[in-house]
Protein chains: 4
Amino acid sequence: MSKGKIMLAAVEVFSENGYHRASMDEIALRAQVAKGTLYYNFPGKSQLFKAIVKEGFEKVMVRIQADLTAPIPLKEKILLTVRHHLHLFLDARHFSHIAFNELSNGIEQDVLDELNTLKQRHLAFLAGILEEGKCEERYLRDFDANLAAAGIIGTLQHMCQYYLSHQDRYAREELERDAFMMISEGLFNKVE
Amino acid sequence: MSKGKIMLAAVEVFSENGYHRASMDEIALRAQVAKGTLYYNFPGKSQLFKAIVKEGFEKVMVRIQADLTAPIPLKEKILLTVRHHLHLFLDARHFSHIAFNELSNGIEQDVLDELNTLKQRHLAFLAGILEEGKCEERYLRDFDANLAAAGIIGTLQHMCQYYLSHQDRYAREELERDAFMMISEGLFNKVE
Amino acid sequence: MSKGKIMLAAVEVFSENGYHRASMDEIALRAQVAKGTLYYNFPGKSQLFKAIVKEGFEKVMVRIQADLTAPIPLKEKILLTVRHHLHLFLDARHFSHIAFNELSNGIEQDVLDELNTLKQRHLAFLAGILEEGKCEERYLRDFDANLAAAGIIGTLQHMCQYYLSHQDRYAREELERDAFMMISEGLFNKVE
Amino acid sequence: MSKGKIMLAAVEVFSENGYHRASMDEIALRAQVAKGTLYYNFPGKSQLFKAIVKEGFEKVMVRIQADLTAPIPLKEKILLTVRHHLHLFLDARHFSHIAFNELSNGIEQDVLDELNTLKQRHLAFLAGILEEGKCEERYLRDFDANLAAAGIIGTLQHMCQYYLSHQDRYAREELERDAFMMISEGLFNKVE
DNA sequence: GATGAATGAGCTTTCATTCAT
DNA sequence: AATGAATGAAAGCTCATTCAT
């Protein structure tokens, strides 16, 4: 059907040009359907955008959740989560670019609202893992879990972004190691 | 003169609406000048945007640098830097929103390029501080300084963003404490 | 379809107002289509202009060529050509006004270039007829055929222009007679 | 004074860009005066344009007239006139480009009217010379003098234009010879 | 289900002109 | 006599959306 082709094309076009510069013409062209077909399948540009981000977030969370059902130690869980997000920010770059850069202002309010909800849910999901760790293992510092989750996402996103524009300088293992260290142990040596 | 009024209005409008939804009409209206005056003072929308971000980055860096000239211990320096960035992301929200959310795609390439340069410079500036700490005090873990700097900015930005949309739930001190802890010591207790 | 309506309206508007004063709004109005329709059918103002002139030149040359295929004497050919150009400058006034007056500066360079090419081709076409006459009938003076062709067009254009702004004073036959005489025999009597 | 500088600059700018693309900014820049100064010296763009063309036409006619006062034979007079116009179209290219290409439509009506008057006067002046020849020397064919004058100007203008864009192919003497021949004797040999 | 010609609101930009100095 | 910051009307163009087929 057309719906799939359109969504695939739309992810690309939105991520390459940003929400506003992405034109329905371009998406139709890339999806090899007529412009009218876009409107036959989606109510409008903003709803198409919404559909894409929603689907993307759901896929990601399902995948992570599947990996975390097994009862593994917290540290392991966090390492896994970090890996998943590296994958998200590096390999599913099209989607993550849309989801994390294009959600600021300048988009129809209703879309923005729903997308923020999705991001909140994602955050809450991460926070849940942390909370769990805090209760069960009294292993974690006394953070607010939501703030900490936000911090983690931020760390990963920006490190990946930097990595992507300087791929020649680093190996992916370095990135992974530094990211995990940063998140789990912070900047300072605990020597003293 | 008009130039100042325009830049002030433009920061607001850009941050409220994003680059593309911000219209020159609105900026002119807000600055209480005629539309032509915008073009008398700036070559065009993208250059106006560029001018604003540039000026903002420069101000921020000058302010931080001024605070860090005194020979204070690294931990102190980082605390200070964190505070400055909290200020940036919370109080100079208009600017930081532009500078860190609006720099994705969909903006004229030349503007994007220069703005990325500014962000790199900002990162390099932070990395410089870390590097210094690494050399002089062998206090820091063996990170790549640039990656670490990116991680720090990311942490702060996302934590602040979360904080801003849940201001009712947290006191600023909490945010500050958690942010600093997160950055300096990471998630985990070092007990065992 | 709209394309035809637009071109018809555009010829009128361009010829009445000149390229720069002709506005896309006016053309759309005259063609009874929405402004967007202009841009749906043509990439922009300059390309619309180009399309019009191109089509016009082609029509003219085809018509003349069709009349000149028969093997008639040179003098006859030239008389015919003169008649065709009188028709062009007098009856297809809208088009010829565009094609011969609006091709100066102040128009997008690429359009100008192509339009000059068209004019050159038209000239070359005339020059070809003359050249033929020179070879076959050693009837013509020893002109450079291109220069002569340019001279002929110039003569006709300016005479027609003068005639058009003083139609009350002359009959069309006078114009035709004088034009042909001027071109074929020049100012002076060959009496002596 | 500024007036002179402005007119000099304006001739250049108008001829390079055409009336509409020529901007008052550019003229002011080129004349090295402030924009306000243009309006101090001339009521507006169209009046500045008018002033330039008027001055130009007057200069030309004065120069020709000065050369024709002496009682020389008609043929000589016409040769001289041709030479003067070659000079006009080739060497005073800036001015003649304005005067003969930019006078179509798309210019304020009142300016257009006056400029047409100037062109008419110029034509009438040439026609006067021809008329004289017709009466005194019964040497000329029985043309309408005005139509003939228009034809002459047209011939010269177009030949010069062609020559200018193919300067590599012709010597100026060739142009002069062909132009004079064309005008005085037409295309055909009178052998028979 | 799918099409694509047509739309029109809204945008950035240009530029002749004004006027306080 | 000269300036130049400021103006605002008018232009070209984009693009999400509609609708008859």
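Residue numbers begin at 1 in each chain, while the letters A, B, ... track the order of the sequences. No hydrogens, no waters, no symmetry mates; every other heavy atom, side chains included, goes into these values.
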Inset, instruction - May I have the distance from D:I6 (atom CD1) to F:dT3 (atom P), rounded to whole angstrom? - result: 9 Å
Inset, instruction - Say whether C:N116 and C:Q120, considering side chains only, have a donor N or O and an acceptor N or O under 3.5 Å apart. - result: no
Inset, instruction - Enumerate the residues from residues 49-56 of chain C whose closest heavy atom to DNA chain E is under 4.0 Å, giving them by residue number; use none for an empty result. - result: none
Legend entry - Any side-chain heavy-atom pair of D:F57 and D:L115 under 4.5 Å: no
Inset, instruction - Report yes if a side-chain nitrogen or oxygen of A:S23 is closer than 4.0 Å to either non-bridging phosphate oxygen (OP1 or OP2) of F:dC15; otherwise report no. - result: no
Inset, instruction - Fill in the dot-bracket string of DNA chain E, one character per base: . for unpaired, | for a pair to another strand, ( ) or [ ] for pairs within the strand, taking Watson-Crick or G-U pairs under 3.5 Å. - result: .||||||||||||||||||||
Legend entry - Whichever of B:A34 and A:G44 has its nearest DNA chain F nucleotide further upstream toward 5': B:A34
Inset, instruction - Send over the distance from B:D25 CG to E:dT14 P, rounded to a whole Å. - result: 15 Å
Legend entry - Quiz item: D:K35 side-chain donor-acceptor pair to E:dT17 base, under 3.5 Å: yes
Legend entry - No-hydrogen, no-angle side-chain donor-acceptor test under 3.5 Å, C:H94 and C:S15: yes
Inset, instruction - Could I get the full list of side chain to side chain contact (heavy atoms under 4.5 Å, CB included) partners for B:T37, not counting sequence neighbours? - result: B:S2, B:I6, B:V33, B:A34, B:N41
Inset, instruction - With the side chain of A:M24 defined as its heavy atoms from C-beta on, choose the nearest nucleotide among E:dA6, F:dA2, F:dA16. - result: F:dA16
Inset, instruction - May I ask you to evaluate whether D:Y40 reaches the phosphate of F:dA1, defined as a side-chain N or O under 4.0 Å from OP1 or OP2? - result: yes
Inset, instruction - Mind calculating the distance between CZ (C:R21) and P (E:dA16) to the nearest angstrom? - result: 12 Å
Legend entry - Gap between atoms CZ and C1', on B:F14 and E:dT12 respectively (whole Å): 12 Å
Inset, instruction - Assign each of B:S2 and C:Y39 to its nearest nucleotide of DNA chain F by heavy atoms, then name whichever residue's nucleotide is nearer the 5' end. - result: B:S2
Legend entry - Rounded distance (Å) that lies between atom C1' of F:dC15 and atom CD of A:E108: 13 Å
Inset, instruction - Give me the ring orientation class for D:F14 and D:Y19: parallel if the planes are under 30° apart, tilted from 30 to 60°, perpendicular past 60°. - result: parallel
Legend entry - Atom pair distance, as rounded to whole Å: CG in A:L29 and P in E:dT3: 13 Å
